[in-house]
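Protein chains get the first letters and strands the later ones, always in sequence-line order, with residue 1 at the start of each. Any value given below was found using the heavy atoms of this structure, including those in side chains, with hydrogens, waters and symmetry copies removed.
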Amino acid sequence: MTREDIAEVLDNIALLLELKGENVFKTRAYKNGAEIVRSHEPDVVKLAKDNQLNNVAGIGKALQEKIIELTTTNKLEFYENLRTEFPPSLFELFDIQGLGPKKIKALYDKLNIDSVEALKSACQDNSISSLRGFGTKTVDKLLHAIELREKFASHFRLGDVAVMAEILLDAVHAHPSTLRCCHAGSYRRSKEILHDIDILAATTAPAELTQYFSQLEEVEEVIACGDTKASVRLANGLQVDLRAVTNDAFPFALQYFSGSKEHNVAIRQRALKNGWSLNEYNFTAKEGATPPPTIHEEADIYKALGLDYIPPELRENRGEIEAAENGSIPRLVTLENLRGTFHNHTTASDGKNSLEEMAEAAIELGLEYLGIADHSKASFQANGLYPERLLKQVDHIKSLNKQWEGSFRLLAGSEVDILKDGSLDFDDSILAQLDYVVASVHNAFTLPEKEMTKRIIRAMENPHVTMLGHLTGRLLLRREAYAVNVDKIIDCAAETGTIIELNCNPRRLDMDWRHWKNAREKGVKCAINPDAHRLEQLQFLAFGVRLARKGWLTKDDVINTKPLNDILDFLNIQ
DNA sequence: GCCGTTTTCGGCCCGACTGTTTTCAGTCG
């Protein structure tokens, strides 16, 4: 049972308790517990096994017992009993916008509606209007929400929304009443998966701005439009929220709407200790408390609370507040710090551009080196190279390098397949002729966790392997990560000096940001690699940097911030 | 259900928006 499994059980308990009409704080405690289980370091599964759960804030006696029962028996009696009270299909109703626990319970109790399908019929034959609180507008909205659910996913990848997020921010910026504006929410925090885009604006005419925003040509549908807030939907189903506030409230609103919720709860608690209540508009001093200082910028809020500025990417309540308190917030890596990158493909395997074109694009981006790592022969679906073609490519790279005379360099590598037993797709004698080696898993995804972990560790123990490619093989919103013990891989990387890749293809973003803080603390280095299959994809580096920042990584933690000469030394290349 | 330098009881973030409920409940973030 993984931490994610446990978190899901706790989340489900919270939903079931809500349906039962339990105390909201009790349900909140379960939801909160689920979040803690997802993100706590070290892993609560390990803590439970070592009987070390008693010092985790937010996990009290009752949740401790439940987590221990889950880790030892893979079951939870309390949960099993609770589940018998409602049909499992009821959960899907929580996906419908506009339906919460109260309404779902009413639908179930009064009309026996237990699924989206049943809800749809009840809306269509209008039997639903007999319920108090379900007027004609509600029925229309529910039908619309059901349609949306069928048509669109409710989650989007960062890389799929970034362009639109920037276009809409520009549009808000262009309105004459806008004084300043910024993204907020999970986009600002660089989450890899988003539910919506949040934009915050300081304006002298809030109602005008929300009107203007809801009428932009990119807007497909207006969900809500009030005097200070507008919610719209774009053609691809993505929801975008705009908040319009005064210039004085802007820093507070920016802090508030950037989240995360967990971070804000902790920040508010801290404010309360000073006798100040903090909301999206201001500090309010309670009676007898020292008056809060004047706030001009978001950073002033953190300063007022005795904290260093916390970059938005870190605001997940994963230790950033403690770090800000004791002055140990890391100076996070930036895109400008990158000097080169590894793991890119060419037409030799499944890339769309030649060596020359990729090199030119890298130079254009200001990089000093570009690593070429085409697939190895076992990846026949990707036109993987046999040794002969690989060595020919190495020669080609050597001859191309002459023209740049040290100002730029192509590095000759390979993305070699880790075979099912952990051996590599090329002999050591071939690997020894390369500048570096990326080792990746491309088949046998269904191995049990122990075997998969052993397989990857065996590959890492090969001294020719420089770095590990896309550690878990996940494809966001498409394919689950394969079963692998990431903590063990990190430990092995620390021992063997193997670099772990942060694959910045927005469909992968693998290894996950949640593991990097741990990896960094153990001294494991990161390579931010675009895994570019065409020259435009070198731009993926920007997503990689965003996620590296989210993983607390500094310039020193990222190997490809090193200038060319240092990299040549590091790789032992003449 | 969790938590504690006012506390082991009594708090726990709260404002915006919508619809229908004519004074507020439910949902959302």
With [atom1] as the reference atom in both, quote the distance from [N] to [M] in angstrom, rounded to an integer.
N	M	atom1	value
B:dG1	B:dT5	C1'	24 Å
B:dT20	B:dC12	P	32 Å
B:dC2	B:dC13	C1'	16 Å
B:dG15	B:dG10	P	24 Å
B:dT6	B:dG11	C1'	13 Å

Would you mind checking if A:Glu8 and A:Arg38 are paired as a salt bridge, meaning a charged N to carboxylate O distance below 4.0 Å?
no
Who pairs with A:Asn317 by side chain to side chain contact (heavy atoms under 4.5 Å, CB included), at least two apart in sequence or on another chain?
A:Glu262, A:Ala266, A:Glu320, A:Ile321
B:dG15 - base-pair partner by Watson-Crick or wobble geometry, distances under 3.5 Å:
B:dC28
Please list, chain by chain and in numerical order, all residues satisfying ring-ring contact (aromatic ring centres under 6.0 Å, His included) with A:Tyr187, sequence neighbours excluded.
A:His183
Tell me which pairs pass side-chain hydrogen bond (donor to acceptor under 3.5 Å, both in side chains) where either residue lies in [range], with sequence neighbours left out.
range	result
residues 48-57 of chain A	A:Lys46-A:Asp50
residues 111-125 of chain A	A:Lys120-A:Glu150, A:Asp125-A:Ser127
residues 322-333 of chain A	A:Arg270-A:Glu325, A:Asn326-A:Ser328
residues 57-68 of chain A	A:Tyr30-A:Lys66

Would you jot down, in residue-number order, the residues of residues 213-228 of chain A having a non-hydrogen atom under 4.0 Å from DNA chain B?
A:Ala224, A:Cys225, A:Gly226, A:Asp227, A:Thr228
In residues 100-124 of chain A, which residues come under 4.0 Å of DNA chain B by heavy atom?
A:Gly100, A:Pro101, A:Lys102, A:Lys103
Remember a base hit wins even if backbone is also touched, and classify [X] as base, sugar-phosphate or nothing at under 4.0 Å, heavy atoms.
X	answer
A:Glu22	nothing
A:Lys66	sugar-phosphate
A:Thr136	sugar-phosphate
A:Tyr281	sugar-phosphate

Round to a whole Å and report the spacing from [atom1] of [X] to [atom2] of [N].
X	N	atom1	atom2	value
A:Lys191	B:dG29	NZ	C1'	14 Å
A:Asp241	B:dC17	CG	P	11 Å
A:Leu242	B:dA16	CG	P	15 Å
A:Leu17	B:dG1	CG	C1'	10 Å
A:Ile128	B:dT20	CD1	C1'	15 Å
A:Arg270	B:dC3	CZ	P	18 Å
A:Lys61	B:dG1	NZ	P	10 Å
A:Arg233	B:dC28	CZ	P	12 Å

Compare side-chain N and O positions of A:Thr138 against OP1 and OP2 of B:dT20 and report whether any pair is under 4.0 Å apart.
yes
Which atom pairs link the protein and nucleotides 10-13 of chain B when you take only N or O atoms and keep those under 3.5 Å?
from	atom 1	to	atom 2	distance (Å)
B:dC13	OP1	A:Arg28	NH1	2.3
B:dC13	O2	A:Arg268	NH1	3.0

Between A:Val45 and A:Thr2, is the side chain to side chain contact (heavy atoms under 4.5 Å, CB included) condition met? List the steps.
CA-CA 7 Å; A:Val45 178; A:Thr2 66; 5.6 Å; no
Between A:Phe134 and A:Ala230, name the one whose nearest nucleotide on DNA chain B is closer to the 5' end.
A:Ala230
Base orientation of B:dT6, chi within 90° of 0 counted as syn, else anti, reads anti
Of the options B:dG29, B:dC2, B:dG15, whose atoms approach the side-chain atoms of A:Ala29 most closely?
B:dC2
Could you check which of B:dG1, B:dG29, B:dT18 has an atom nearest any side-chain atom of A:Lys141?
B:dT18
Quick one: sort the A:Trp276 and A:Phe283 rings into parallel, tilted or perpendicular, breaks at 30° and 60°.
tilted
Any pair counted as ring pair (Phe, Tyr, Trp, His ring centres under 6.0 Å), so long as it reaches [range], sequence neighbours left out:
range	result
residues 107-135 of chain A	A:Phe86-A:Tyr108
residues 163-182 of chain A	A:His175-A:Tyr212
residues 214-239 of chain A	none

Could you tell me whether the side chain of A:Leu314 reaches within less than 4.5 Å of the side chain of A:Arg549, counting heavy atoms only?
no
